[in-house]
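Each remark here refers to the structure printed beneath this line.
Predicted, not measured: the structure shown is a model, and the values here were computed from it.
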Amino acid sequence: MNGQLQALKELLLQTDEEFHELAVKHHELEDRLQQLASKSYLSEPEQLEAVTLKKRKLQLKDRMEDILRRHRQAETPASSSVSSNEPPPSDSRPHARS
């Protein structure tokens, strides 16, 4: 499954403009967070920036996950829709008479 997920991510990076832009922005935020983390001391504005960057990065990741989920669901036919069109199974057991 992990290989399939990675393949889907690679495909979306190449074919889905929104997913690609989100991934680029996510990477940029990660780079900036790394710059801030490498400092021995963060000023108050830098601390606020780090918190804001983390929140924004999570929002981007959530949106990317939504896109991945949508594509995974589109790839897999819903098994419940197939079974809902079938009649319920008949009970082949003999009925007890009283």
Side-chain angles (χ1 to χ4, degrees):
M1 173 90 177
N2 196 17
Q4 290 174 339
L5 181 60
Q6 190 60 37
L8 179 57
K9 284 181 183 180
E10 293 297 325
L11 177 67
L12 290 174
L13 283 170
Q14 297 171 10
T15 61
D16 188 298
E17 185 177 341
E18 181 186 9
F19 189 86
H20 179 78
E21 289 174 8
L22 292 168
V24 168
K25 186 65 178 170
H26 187 271
H27 184 72
E28 290 171 358
L29 295 178
E30 179 62 31
D31 288 346
R32 179 62 181 144
L33 281 168
Q34 288 297 324
Q35 290 173 354
L36 291 171
S38 68
K39 293 185 170 191
S40 57
Y41 171 80
L42 292 179
S43 65
E44 194 170 316
E46 288 172 327
Q47 291 174 14
L48 180 60
E49 180 186 6
V51 169
T52 303
L53 291 174
K54 288 176 185 178
K55 288 179 182 180
R56 180 69 182 131
K57 198 173 132 200
L58 282 173
Q59 290 172 336
L60 293 172
K61 187 171 182 174
D62 286 346
R63 180 65 188 130
M64 290 169 67
E65 289 295 327
D66 287 342
I67 294 170
L68 282 167
R69 191 176 307 108
R70 184 181 71 219
H71 281 273
R72 281 195 308 255
Q73 288 173 347
E75 286 179 353
T76 9
S79 59
S80 61
S81 64
V82 172
S83 63
S84 65
N85 293 333
E86 296 175 3
S90 61
D91 189 1
S92 60
R93 293 179 297 179
H95 296 284
R97 295 185 180 187
S98 32

Those residues that, when tested against [X], pass side-chain hydrogen bond (donor to acceptor under 3.5 Å, both in side chains) (two or more places apart):
{"X": "Ser38", "value": "none"}
{"X": "Glu65", "value": "none"}
{"X": "Glu17", "value": "none"}

* To do: Pick out which of Leu13, Asp66, Leu60 makes a side chain to side chain contact (heavy atoms under 4.5 Å, CB included) with Leu22.
  => Leu60

* Does the side chain of His71 come within less than 4.5 Å of Asp16's, by heavy atoms? -> yes

* Asked: Hey, are the side chains of Leu58 and Lys54 touching, using non-hydrogen atoms and a 4.5 Å cut-off?
  -> no

* Asked: By salt bridge (Lys or Arg N to Asp or Glu O under 4.0 Å), which residues pair with Arg63, not counting sequence neighbours?
  ->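 Here the qualifying residues are Glu18.
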
* Structure fact -> Rounded to the nearest 0.5 Å, the CZ atom of Arg70 sits from the CG atom of Leu12 at a distance of 8.5 Å

In a table with atom names and distances, give each donor-acceptor pair under 3.5 Å that connects a side chain of residues 44-52 to protein atoms at least two apart or in another chain.
residue: Glu46; atom: OE1; partner: Ser43; partner atom: N; Å: 2.9
residue: Glu46; atom: OE1; partner: Ser43; partner atom: OG; Å: 3.3
residue: Glu46; atom: OE2; partner: Lys39; partner atom: NZ; Å: 2.3
residue: Gln47; atom: NE2; partner: Leu42; partner atom: O; Å: 3.1
residue: Glu49; atom: OE1; partner: Arg32; partner atom: NH2; Å: 3.0
residue: Glu49; atom: OE2; partner: Arg32; partner atom: NE; Å: 2.9
residue: Thr52; atom: OG1; partner: Leu48; partner atom: O; Å: 2.9

* Full working for side chain to side chain contact (heavy atoms under 4.5 Å, CB included) between Val24 and Glu28 -> CA-CA 6 Å; Val24 168; Glu28 290 171 358; 3.6 Å; yes

* To do: Taking side-chain contact (heavy atoms from CB on, under 4.5 Å) as the test, write out the residues that go with Lys9, two or more places apart.
  =>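 In terms of side-chain contact (heavy atoms from CB on, under 4.5 Å), with neighbours along the sequence ignored, Lys9 is linked to Leu5, Gln6, Phe19, Leu68.
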
* To do: State, without any angle test, whether Gln34 and Glu30 hold a side-chain donor-acceptor pair at a distance under 3.5 Å.
  =>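 Judged by distance alone, the side chains do pair up.
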
* To do: Assess whether atom NZ of Lys25 is packed by more than 12 heavy atoms of other residues, nucleotides or ligands within 6.0 Å.
  => no

